[in-house]
Protein chains: 2
Amino acid sequence: MTRVLLDEERAAELAEIFRLLGDANRLRIAVACLDQPLCVSDIAQQVGLSASLVSHHLRLLRAARFVRAHKEGKQVFYVSADEQARCVIKDMVSHVGAHRDATDDEG
Amino acid sequence: MTRVLLDEERAAELAEIFRLLGDANRLRIAVACLDQPLCVSDIAQQVGLSASLVSHHLRLLRAARFVRAHKEGKQVFYVSADEQARCVIKDMVSHVGAHRDATDDEG
DNA sequence: TGAACATTTGAAGACATATTTGATTATAGT
DNA sequence: ACTATAATCAAATATGTCTTCAAATGTTCA
């Protein structure tokens, strides 16, 4: 049997991650950046939110190292920070039984 | 390549789960109930919170079917609802790299 | 320099949530 | 019936968060 231990400090860390993904808009933004870098306005259009609001959420996601950003001219592209960030989301999505799509050529 | 798709409705569902675990106290309560049923006062003592507050959080966890309850005399015991609920937490904990303990004989 | 675009920032408002406190219900034992 | 314990509930406070809006920053191009 495997017991999960969780002291106060670790609980706070873990809860912080959960809390961050606990907003539907922010979660959709995080998911949008899973597979390829997207600029703010593209994300905004994809999730149907204002660029300002998306930027606000991206700042939080970046602060928690869920996404990283790089600049190209006027635009700033955001993408999942690393494989662990992707795993956390993908595993959870599959846990809850969301749809997956094996296609590669449609976006 | 596997793309994760997330429509608005599904994002809201998933975010709801994340949000629920996004509070450190509530997360610790959920973790405490992972392996064995515990009554409210035991949980309260274990996490260092008032019984009232623990009860409050347990109500939310139960509403989301993260835990289930059964009564024994004056006490109400809470335990993780099912294997999926346990997986969601344990996977996340391991993702973040929390301690695990393989012992069986200490409580 | 000036205009147009992309993004960020700060402040304000609306809204939701966590926590405390005291009262209330339910159960067991005397 | 009375007491003690366990848990829940309701109201109130405090705290935090999401969102919007307007202004500001930085970039490209003419």
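Since this is a predicted model, take the numbers as computed values, not measurements. Throughout, protein chains are lettered first and strands after them, A, B, ... in sequence-line order, and every chain is numbered starting at 1.
- Listed pair A:Arg19 / D:dT17 meets the phosphate criterion, a side-chain N or O lying under 4.0 Å from OP1 or OP2.
- Linking Ile, Leu, Val, Met, Phe, Trp and Tyr residues whenever their side-chain heavy atoms come within less than 4.5 Å places A:Leu60 and A:Leu49 in a single cluster.
- Spacing between atom CD1 of B:Ile29 and atom P of C:dT19 amounts to 9 Å, rounded to whole angstrom units.
- In this structure, A:Ser41 reaches the C:dT7 phosphate: one of its side-chain N or O atoms is under 4.0 Å from OP1 or OP2.
- Between the side chain of A:Ser50 and the base of D:dC21, no donor-acceptor pair under 3.5 Å is found.
- Atom CG in B:Leu49 sits about 12 Å away from atom P in C:dA18, given to the nearest Å.
- Taking side-chain N and O atoms only, A:His57 has a distance below 4.0 Å to OP1 or OP2 of D:dT19.
- Remark: of the listed residues B:Asp23, B:Leu20, B:Val67, B:Leu27, B:Asp23 is the sole one forming a side chain to side chain contact (heavy atoms under 4.5 Å, CB included) with B:His57.
- Rounded to whole Å, the distance from CD on A:Gln75 to P on D:dT25 is 22 Å.
- Set against C:dT7, C:dA26, C:dA18, the side chain of A:Ser55 has C:dT7 as its closest nucleotide.
- What separates CG of A:Leu58 from C1' of C:dT9 is a distance of 14 Å, to the nearest Å.
- Between the CG atom of B:Asn25 and the P atom of C:dT20 there is a distance of 9 Å, rounded to whole Å.
- Proximity of A:Tyr78 to the phosphate of C:dA6: no side-chain N or O atom is located under 4.0 Å from OP1 or OP2.
- Spacing between atom CG of B:Leu53 and atom P of C:dT20 amounts to 6 Å, rounded to whole angstrom units.
- Classification of B:Arg10 and B:Glu13 as a salt-bridged pair fails, no side-chain N sitting under 4.0 Å from a carboxylate O.
- Atom CG in B:Leu60 sits roughly 15 Å away from atom P in C:dA16 (whole-Å rounding).
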Original post:
What's the verdict on side chain to side chain contact (heavy atoms under 4.5 Å, CB included) for B:Val76 and B:Leu58, showing C-alpha distance, side-chain angles and the deciding distance?
Top reply: CA-CA 11 Å; B:Val76 179; B:Leu58 282 169; over 6 Å; no

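- A donor-acceptor contact under 3.5 Å is formed by the side chain of A:Ser52 with the base of C:dT9.
- Computed from coordinates, the A:Lys71 NZ to D:dT25 P distance equals 13 Å when rounded to whole Å.
- Between B:Phe77 and B:His70, the ring-plane angle classifies as parallel under the 30° and 60° cut-offs.
- Map B:Lys74 and A:His56 each onto its nearest nucleotide of DNA chain D; the residue landing nearer the 5' end is B:Lys74.
- Between A:Arg59 and C:dT7 there is no side-chain polar atom (N or O) within less than 4.0 angstrom of OP1 or OP2.
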